[in-house]
Amino acid sequence: LALVTLDNPMCPGTGHRICNDCMKACVFQKQEPVNIPQIETRVLTEVLSLPWGLEIYSLLTRWNPLNIARPYALPYNGKNVLVVGLGPAGYTLVHHLACEGFGVAAIDGLKIEPLPFSLTGGWTGAGYVPPEPIKVATSIYGALDERIVLGFGGVSEYGITVRWDKNFLTLVYMTVARSQNVSVYGGVRFGGTITLDDAWDLGFHHVAIAAGAGRPTIIEMKNNLSRGIRKASDFLMGLQLTGAYKKSSIANLQISLPAIVIGGGLTAIDTATELLAYYCVQVDKTVERYDLLDKELGHPKLRAMFDDEEYGNLQEQVAHGRALQAEKALADAEKREPRVQSLLDSWGGVTLVYRKSLADSPAYRLNHEEVEKSLEEGVRYVENLSPTEAVLDEQGAVTAMKFARRDGSIVELPARTVCVAAGTSPNVTYEKEHEHTFELDSRKQYFQAYKALTDSSGKVTLEKTANTREGFFTSYLKDNHTVSFYGDNHPYYAGSVVKAMASAKDGHPYVTALFPEVRAQDPKDQPTRDRGLRDLFGKLNEELRAEIVASIFHFARGLAARKFFPGQFYRLQNFETRAPIVGNTRLAMEGLALTGAWVDKEKGLMGTIVLEMGGSSRLCAALVPGEP
């Protein structure tokens, strides 16, 4: 494990079914490739299974006698870096920079759940109180079908589903959060809540962008935005972010069969397998809650809650749920596995449609194991079809898809749910919202790559480079401040989890080289430097951690309020970690979109009021501060 962590200290973030780049590249004796990811995972899990194995791994990420270049983590050096994005590139970069002695604040646009803490230290420690050592690694794990979605990990949390044990994300999160040089903030939008100028004003010396992929690719077809059609990344994120796949969740995510997934990448395969798995959970929960409401309200009141289309869909799901329950009961009686796949096929199943042959698909080229696993789980494949039109019913919902063959003929396939997985674009949203901040490349896709050169006085100059592997810096240079970029934002490292993590490993030395003066620091000044970091994190806690400061009015407090303008929205949601459980249901709310009714930018307060009136109707009233 000490050898593994030399190159891959965040090795729980990779694994035998999430990162196969090295396996694909292996040409050992031109035969079956050496399964390097499986070896790393096996080594890690065997160490974790030892008493205090988690602490052994955690120690090796910070202190490793085999690491000649950096055998131990350095103390805080007085320089601060803002890392944007907490996906594989982001959290790996946070770790490397913290070990180099930087103070690192990491932000992510989505909610990041807190880890357990206590006055005695908890998992991560608090201030100078060290964390409580963990003897049994599995004590921090959760059942995968009910595990709390922590939000940490970006695409690993929201875009990857059955391929990998996400309890490893909890381990990575805890490892990063244990560093005294690191503070993590969720619900902070780069370019909205915080800008580059804000970062410099707050006391950061560098900003690193690891924001991952941006908007999904829109394919050309008729009725593209009709009901029942959504982007695959949106479905996966909705499924994971809301926890809809859990039986204890009250999230409202509806799909119907038959379903079609358009695309040939790993996201398409994940979407197809999750549609099959989630439909069973959905109809199970539907039956349970239908029967409960029918008993509590009576059937006439229950029927009155739905229009004819909704009630028809509900009855179909209830029928499917009862059939699924009956099959499971029969399987138990006959002591066999339930034939769930036969039921799913009879209801329409899930079909993955790709415009080329399966052998040409990115999924097959990058990770053929996933194609094999999806076939085992019942996903059907149709090759060489390009979508042309979504056929709609009288209510405007999709009921079928038309595809064109290579010879120009048209084939129609039934579909009531359509997910499009046609790839994504690099996330360069900041430049689109704040024009002329960054130079883009010739195709206007990625940031233009630059090299940063630092002279003996510490002055930085930028030099454009055609070798993107060495170019980690954007064109931004203001008051000697620079901005670097990684992962899917970087053209050389885009495309996989392992490449994203490699970008952080390869790129962080260039950031370290920007500050040669830290090598000559006096150890006697360390307490002063440490107080400066605590002051920075204290200020960020006030500015970036929104909180409700009144029970009736929904107030957001901090930098988000100061950045608010009329017409903008913010998301109100609670932490799942702290949500109460009633019966078998966790009361974790879906994100509620609210806009400010008033704002006091000087005090950093923003508020609106939501009054429940007669069921589901809501009245949002604007209030003047100070009025009753």
Side-chain angles (χ1 to χ4, degrees), residues 17 142-149 155-166 227-263 265-290 313-314 316-325 327-328 338-353 370 373-380 397-398 414-421 576 584-586 588 590-591:
R17 285 185 65 192
L144 292 179
D145 59 349
E146 285 295 329
R147 168 186 167 271
I148 290 178
V149 178
V155 66
S156 296
E157 182 72 276
Y158 298 119
I160 294 168
T161 52
V162 297
R163 287 190 268 143
W164 174 66
D165 185 350
K166 290 189 183 179
R227 186 152 54 93
I229 302 176
R230 65 194 305 167
K231 300 297 172 278
S233 55
D234 174 54
F235 165 72
L236 290 176
M237 183 167 287
L239 181 68
Q240 303 295 319
L241 184 61
T242 64
Y245 63 91
K246 304 175 188 177
K247 290 187 177 181
S248 63
S249 170
I250 58 174
N252 180 30
L253 178 64
Q254 296 292 315
I255 62 170
S256 299
L257 298 182
I260 285 178
V261 179
I262 299 172
L266 292 172
T267 298
I269 289 182
D270 274 344
T271 302
T273 54
E274 280 302 311
L275 283 168
L276 285 169
Y278 175 62
Y279 190 74
C280 294
V281 176
Q282 176 184 294
V283 296
D284 248 349
K285 290 198 294 187
T286 299
V287 169
E288 180 182 343
R289 289 169 185 173
Y290 178 88
N313 291 334
L314 175 62
E316 178 185 73
Q317 290 191 23
V318 169
H320 289 175
R322 297 203 193 286
L324 183 62
Q325 291 176 349
E327 169 58 24
K328 288 180 178 179
R339 300 186 182 100
V340 176
Q341 189 55 51
S342 297
L343 287 176
L344 290 168
D345 286 339
S346 69
W347 300 332
V350 176
T351 304
L352 192 150
V353 182
E370 293 313 304
K373 294 292 183 182
S374 66
L375 288 168
E376 291 174 3
E377 293 179 34
V379 176
R380 298 187 293 257
V398 64
R416 295 175 60 198
T417 297
V418 177
C419 291
V420 181
E576 190 176 353
N584 295 321
T585 301
R586 185 184 293 271
E590 296 183 66

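Predicted model only: the values in this text are computed from it and were never measured.
A heavy-atom distance below 4.5 Å is not found between the side chains of Tyr279 and Leu343. Within the 4.5 Å cutoff, the side chain of Cys419 has no heavy atoms near those of the Lys231 side chain.
Pairing each heavy atom of Gly263 with each of Leu352, the nearest pair is O-CD2, 2.9 Å. For the pair Val420 and Ile229, the tightest heavy-atom approach, listed with the atom from each and the gap, is CG2-CG2, 4.4 Å. Thr267 and Ala232 get closest at one heavy-atom pair: CG2-CB, 4.1 Å. Pro414 and Ile260 make their closest contact through O-CD1, 3.8 Å (heavy atoms, listed as atom of the first residue, atom of the second, distance). Contact between Ile250 and Ala588 at its shortest, heavy atoms only, is CG1-O, 3.9 Å. Of all heavy-atom pairs between Cys280 and Val340, the closest is SG-CG1, 3.6 Å.
Atom CG of Asn313 sits about 10.5 Å away from atom OG1 of Thr286, to the nearest 0.5 Å. To the nearest 0.5 angstrom, Ser256 atom OG is 12.5 Å from Trp347 atom CH2. A distance of 12.5 Å separates CD1 in Ile269 from NZ in Lys373, rounded to the nearest 0.5 Å. To the nearest 0.5 Å, the span separating NE2 on His320 from CG on Leu344 amounts to 9.5 Å. Atom CG of Leu276 is separated from atom OG of Ser374 by 9.5 Å, given to the nearest 0.5 angstrom. Here Leu314 contributes atom CG and Arg289 contributes atom CZ; the two are 13.0 Å apart, rounded to the nearest 0.5 Å.
Of the possible donor and acceptor atoms, none in the side chain of Tyr278 sits under 3.5 Å from a partner among the backbone N and O of Ile255. Between the side chain of Lys166 and the backbone N or O of Glu157, at least one donor-acceptor pair lies under 3.5 Å.
Considering Thr417, Asp345, Val350, Leu275 in turn, Val350 is the only one that fulfils the side chain to side chain contact (heavy atoms under 4.5 Å, CB included) rule with Leu257. Among the candidates Arg586, Glu576, Lys285, the single residue satisfying the side chain to side chain contact (heavy atoms under 4.5 Å, CB included) test with Lys246 is Glu576.
Counting non-hydrogen atoms of neighbouring residues, nucleotides and ligands closer than 6.0 angstrom, the CD atom of Glu288 reaches no more than 12 such neighbours.
Side chains of Gln282 and Gln317: a donor-acceptor N/O pair is present below 3.5 angstrom, by distance only.
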- Verdict with reasoning, Phe235 to Leu253, per side chain to side chain contact (heavy atoms under 4.5 Å, CB included): CA-CA 9 Å; Phe235 165 72; Leu253 178 64; 4.1 Å; yes
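Partners of Arg230 by side-chain hydrogen bond (donor to acceptor under 3.5 Å, both in side chains), not counting sequence neighbours, listed by chain and number: Asp234.
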